[in-house]
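The block underneath contains the structure these notes are about, expressed in structure tokens.
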Number of protein chains: 2
Amino acid sequence: MDEAKNSGLTRIQRRNREIILEGALTVFAVNGFRGTTIDQIAAECGLSKPNVLYYFPSKDEIHKTLLTKLLDMWLAPLENIEPAGEALQEVLNYVAAKLRMSREYPRESRLFAYEILRGAPHLTEILGGRLRNTVDDAVTVLRGWIEAGKLRDVDPHHLIFSIWAMTQHYADFEIQVHAVLGEGHDPFSEAQIFLDDMYRRLLTP
Amino acid sequence: MDEAKNSGLTRIQRRNREIILEGALTVFAVNGFRGTTIDQIAAECGLSKPNVLYYFPSKDEIHKTLLTKLLDMWLAPLENIEPAGEALQEVLNYVAAKLRMSREYPRESRLFAYEILRGAPHLTEILGGRLRNTVDDAVTVLRGWIEAGKLRDVDPHHLIFSIWAMTQHYADFEIQVHAVLGEGHDPFSEAQIFLDDMYRRLLTP
DNA sequence: CCTGATCCTGACTATTTGGTCAAGAATTGG
DNA sequence: CCAATTCTTGACCAAATAGTCAGGATCAGG
């Protein structure tokens, strides 16, 4: 693996930092930053509070580490859109990938949702920097497809917002979705069908 | 005066409870429940902390009062869908109404978003009760329209989820939207155009 | 103007919580 | 094996915070 990258850390340090981040993600995703205590994180990890603070200097640092660590994963599907690919299918793949991530990584989705809701104090420069650039790139690709007549003419920015909103909704508001649907539903499978239909309909020229 | 008799509250009580709820909404919408202190609410209202607690027994009670007080407003557009109306136009009107609410009442949108995110401890019975019933009614109406051939065949539950997700996104994730779009945009106007087109396209038989 | 009810607040308590620290336990390298 | 380093934790501190309370200020009705 990348020993060089982690060369400054012992095996125990790497293992325990990982355990802490994993437990903290679980707790932050449920309670948000302010609603989470270091004691809760420690309990979730099976470590003592001072021990958690031996590996991270503060609660803030754990949170910031998690956000930056997970940002790549979260943005990857958007960056993987292939300009040379078949336009409609590329978009539908992106929707599917994003929905799959909401299903498989709901904690990450909520972590980001909480952070944006509270004004993104740990992400301000990223929002206007890397995120914006990534979106701009995707928008350029989408515009190219539209001008080439491969997609219907829609506002690319709002197309992206709509995909984010719709896919993340199923992770972030899962409790509401479940309460409304009741038992006997698989929200994500149903959503996949609905969204595929919707974006196909919207974007087919 | 008779006003006191009508409400059980004095004029001062009604005025100050109103001031407190107004200020608390502002603070809760930014910081969430756990991130908000009574001191912050008091400062926002220009009252002393003990005075705030003279009108409400606890922070919890202020929060619960706000949620129940605002629920009607939040659900009204869905209840106003007119089964006798013109199907597509009724849905488009609902989308527009919901988007307008996100623009005009972003604090309310965020209040609910925070509450759902943290598992809706103050809304559990409402989610599975009144909300679910309201949605069920709307679903029945939508199904009727679909069977009558007035709307394309889509899953009505997920249609409603999509409308919620898309419209509330612009209030709840406003910071992200703004960071990505940059200056010189009116996100809500653009969204209105995008969503009108999208749902028209999706639902026209 | 008087009186009782309502309103308001400084000062307080109890609890929670982020974070520290000294000292003991475990691990590692030679 | 030993000694140095790393790891772990009980006990602790200081700040923040929800909530209390006695008593003074204000107001409404007579």
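By convention in this document, chain letters (A, B, ...) are assigned in the order of the sequence lines, proteins followed by strands, and residues within each chain are numbered from 1. Computed from a predicted model, the values in this text were never measured in an experiment.
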For [X] and [N], give me the distance from atom [atom1] to atom [atom2], rounded to whole Å.
X	N	atom1	atom2	value
B:K49	D:dC21	NZ	P	14 Å
A:N51	C:dC21	CG	P	17 Å
A:L47	D:dG10	CG	P	12 Å
B:N31	D:dA16	CG	C1'	15 Å

Is it true that [X] and [Y] have a side-chain N and a carboxylate O under 4.0 angstrom from each other?
X	Y	value
B:R107	B:E22	yes
A:E18	A:K69	yes
A:D196	A:R200	yes
B:R143	B:D136	no

For a quick test of reading the model: is some side-chain N or O of [X] closer than 4.0 Å to OP1 or OP2 of [N]?
X	N	answer
A:R34	C:dT17	no
B:N16	C:dC8	yes
B:T10	C:dC7	yes
B:Y54	D:dT20	no
A:Q13	D:dC7	yes
B:T37	D:dA16	no

Using a heavy-atom cut-off of 4.0 Å across all strands, would you classify [X] as base, sugar-phosphate, or nothing?
X	answer
B:F56	nothing
A:L53	base
B:R15	nothing

[X] has a side chain; which of [options] sits nearest to it?
X	options	value
B:Y55	C:dC21, D:dT8, C:dC7	C:dC7
A:K59	C:dG18, D:dA18, D:dT9	C:dG18
B:I12	C:dC7, D:dA18, D:dT9	C:dC7

Exercise for review: Compute whether any side-chain donor of one residue and acceptor of the other, for B:Y170 and B:S109, lie under 3.5 angstrom apart.
Suggested key: no
Study note, to complete from the structure: Between B:D39 and A:R11, whichever has its closest DNA chain D nucleotide further toward 5' is A:R11
